[in-house]
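Chain letters run A, B, ... following the sequence lines, proteins first, then strands; residues in each count from 1. When reading the values below, keep in mind they use all heavy atoms of this one structure, side chains included, and skip hydrogens, waters and symmetry mates.
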Amino acid sequence: MSPTTIGIVGILLMVLVFFTRMPVAYVMAVTGFVGFGIIINFHAALNLMAQSFYEVFSSYGLTTVPLFILMGQLAFNCGISRRLYDTGYKFLGSTRGGLAIATVSACTAFGAVCGSSAATAATMATVGLPEMRRFKYADELSAGSVASGGGLGMIMPPSVVLIIYGVLTEQSIGKLFVAGIFPAILVTILFIIAILIWCSFMPAQGPRGETFSRGAKMRSLLDLGETLAVFALVMGGLFWGLFTPTEAAAVGVFGVLLVSSIRRQLTWRNFVDALYESLRTSCMVMMLIAGATLFGKFLAVTRIPFNIATWIGGFDLPAFMILSAIVLVYFIGGCFMDSLALVMLTIPIFFPIVVDLGYDPIWFGIIIVMVTEMGVITPPVGINVYVVFGVARSLPGGMSLESIFKGILPFMVAVLAGIIILFIFPQIILYLPDLMY
Amino acid sequence: MSSVLKWIQCLSNKMRPIGAACLVGMTALTCVDVVGRYFRRPIFGSVELVTFMGIFVVAFALPFTHENKGHIGVEILVQRFSRKTRAVIDMVTELVSFVFFALVTWRMVLYAFKMAESGEVSMNLELPEYAIIFVVALCFVAFSLIIFKDIIEKVAILREK
């Protein structure tokens, strides 16, 4: 068998084994090891395996991962989300669908200190769902806005997926982060438009809430200040090249700790919980990278990425058609797989093609995150939907999974519109990173 | 057997705080370094120390993460099966994982020995890197044992009437 055939058989087998619930990281590592052993020899594969794990664990570039995860977990455990939501609520609550708009905006703001979409969805569901229930919002609208809003946590920097993309493709993480800001704001605006259209057609689904005095509104703005300060410190430091990403993350952790200690919201229990949860998530991410690294070495010797690139090049299709096909693959893959795992699995194949087509690597990174953001809310695997479902179960009367999936639809359309806009106007992504050092 | 399983569990529980301490250490050291640099007194070798602590964060969390189902897997098909069928599937995949990570452990120990022979030390602080690889290998031992514990538990499920 030729290496390419072995590669294809290996990939197919791997996808089959995914469905046994075996951790994706382990499956990729085992496939990589066995495949490499068959094509080269097992002696070489044995030499490769321990070193691959150690190299990933000992990469300074990746030390930023546990730190940014810790920053998000601390923010999650210290009530920052509640205050962000309250600010949005006081300003927007009195308009139609205002609570849903407040939720989406708070998700974006929370995403500025948290790099994970599931954590953002979980924290906003805990805060936002009971409020929307109180004002008799339809389940579709409330759950849809929380689950989709969670995805904004992934686009808005810091973002774990962007870190991984940056490390795998050797792009500046600082630039990727800065590039994510405008697209995140764009998607937030599109989400708000979606909610407004929704509520103008079905006003009963998102009734008006309370009105607050100007004084109360202004006081609530102070709560926004702390998040803004931490975000400005982290992103400003990266933007002006004062910090490496690892340093920015450590400073961010310190900032969140400081804010929550001043507010006296940091208990020892919260702190330890945040540490252990970060440990767990970091270990998961690093093992995924290690698995993807081993798998990548196998893929390289099969020559599959090279062959696919030549094969696609032979069609002589316009670049945007090829790119659309790639986006479609991510979208379908995202329905079944976690976004992080998907990115790691496919980047070695698609990244060289996209760069060959002349697209900007930073631009492509943001597009990938946008598409996988759709993946986290699409059935049957959309992780955010299950997170929201899990939180909603504790509400009186619960919530059906079906209504959450229904509620997602308008937001999916909004993300799709966002992707199209970013295709047509790549400057939205590239303007800020181009200003950097 | 059950006392062995308890011992493995205890080992995993004891490793977790060490990982957490390293995470705190990474944050603190990096912050102090950033501030120190501002006053032109950066900490010598901080990048190395942060990297080593980063290694321990992941390595010491290995058993705990596996045990708490921290890793991403595709659940969609398996959750439709009965408890016993799931136990059979899990047992097979855990057996594969166990063999694989036992191999990784073995190679990690050999790698540590190789590095010890070569006498390679870290660039600034001249710390012996083989010692760190050796600790990582020990963490992989604990990790493999936790997978082993899972397999034994699946056998127990299959024995239920």
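When heavy atoms are compared at a cutoff of 4.5 Å, Leu46(A) approaches chain B by way of both its backbone and its side chain. Within the 4.5 angstrom heavy-atom criterion, atoms from both the backbone and the side chain of Ala29(A) approach chain B. There is no contact between Leu48(A) and chain B, counting heavy-atom distances below 4.5 Å. Using a 4.5 Å cut-off between heavy atoms, Leu62(B) contacts chain A through both its backbone and its side chain. Only the side chain of Tyr111(B) comes within less than 4.5 Å of a heavy atom in chain A; its backbone stays farther off. For Leu62(A), no part lies under 4.5 angstrom from a heavy atom of chain B. Only the side chain of Phe101(B) has a heavy atom closer than 4.5 Å to any heavy atom of chain A. The part of Met287(A) that comes within reach of chain B is its side chain, from C-beta onward, which places non-hydrogen atoms under 4.5 angstrom from that chain. Residue contact with chain A, scored on non-hydrogen atoms closer than 4.5 Å, involves the side chain of Val136(B) exclusively. For chain A, the nearby part of Val34(B) is the side chain; its heavy atoms alone come within less than 4.5 Å. For chain A, the nearby part of Phe140(B) is the side chain; its heavy atoms alone come within less than 4.5 Å. For a residue to count as touching a neighbouring chain, one of its non-hydrogen atoms must lie under 4.5 Å from one of that chain's; by this rule Lys114(B) touches chain A with the side chain only.
Per-residue counts of heavy-atom pairs under 4.5 Å with chain A were compared for Ile132(B), Leu29(B), Val104(B); the largest is that of Val104(B). Across Ala50(A), Ser52(A), Ser278(A), the residue that shares the most heavy-atom pairs under 4.5 angstrom with chain B is Ala50(A). Between chain A and the residues Val57(B), Val47(B), Leu110(B), the most heavy-atom pairs under 4.5 angstrom are made by Val47(B). Taking Arg280(A), Gln51(A), Glu247(A), Met22(A) one by one and counting their heavy-atom pairs under 4.5 Å with chain B, the maximum is reached by Arg280(A). Taking chain A as the reference chain and counting heavy-atom pairs below 4.5 Å, the highest number among Ser97(B), Gly54(B), Ala137(B) is found for Ser97(B). Contact count against chain B (heavy-atom pairs under 4.5 Å) is highest for Leu67(A) among Leu67(A), Val27(A), Val17(A), Val251(A).
Counting only heavy atoms from C-beta outward, the side chains of Tyr26(A) and Val96(B) never approach each other to under 4.5 Å. Counting heavy atoms from C-beta on, the side chains of Tyr276(A) and Pro17(B) come closer than 4.5 Å. Looking at heavy atoms from C-beta onward, Thr244(A) lies in side-chain contact with Tyr60(A) at the 4.5 angstrom threshold. With a 4.5 Å cut-off on side-chain heavy atoms, Phe295(A) and Ile11(A) count as touching.
Centroid-to-centroid, the aromatic rings of Phe33(A) and Phe298(A) stay 6.0 Å apart or farther.
Gly174(A) approaches Leu238(A) most closely through the heavy-atom pair CA-CD2, 4.2 Å.
Counted by atom type alone, Thr63(A) and Thr246(A) present one or more donor-acceptor pairs between their side chains at under 3.5 Å. Side-chain contact annotation: Glu48(B) with Ser122(B), donor-acceptor N/O pair under 3.5 Å present.
Phe53(A) and Phe57(A) have perpendicular rings, their planes meeting at more than 60° on a 0 to 90° scale where under 30° would count as parallel.
Other residues, nucleotides and ligands contribute at most 12 non-hydrogen atoms within 6.0 Å of the CD atom of Glu120(B). Within 6.0 Å of atom CZ in Phe254(A), 12 or fewer heavy atoms from other residues, nucleotides or ligands are found, so the atom counts as exposed in its surroundings.
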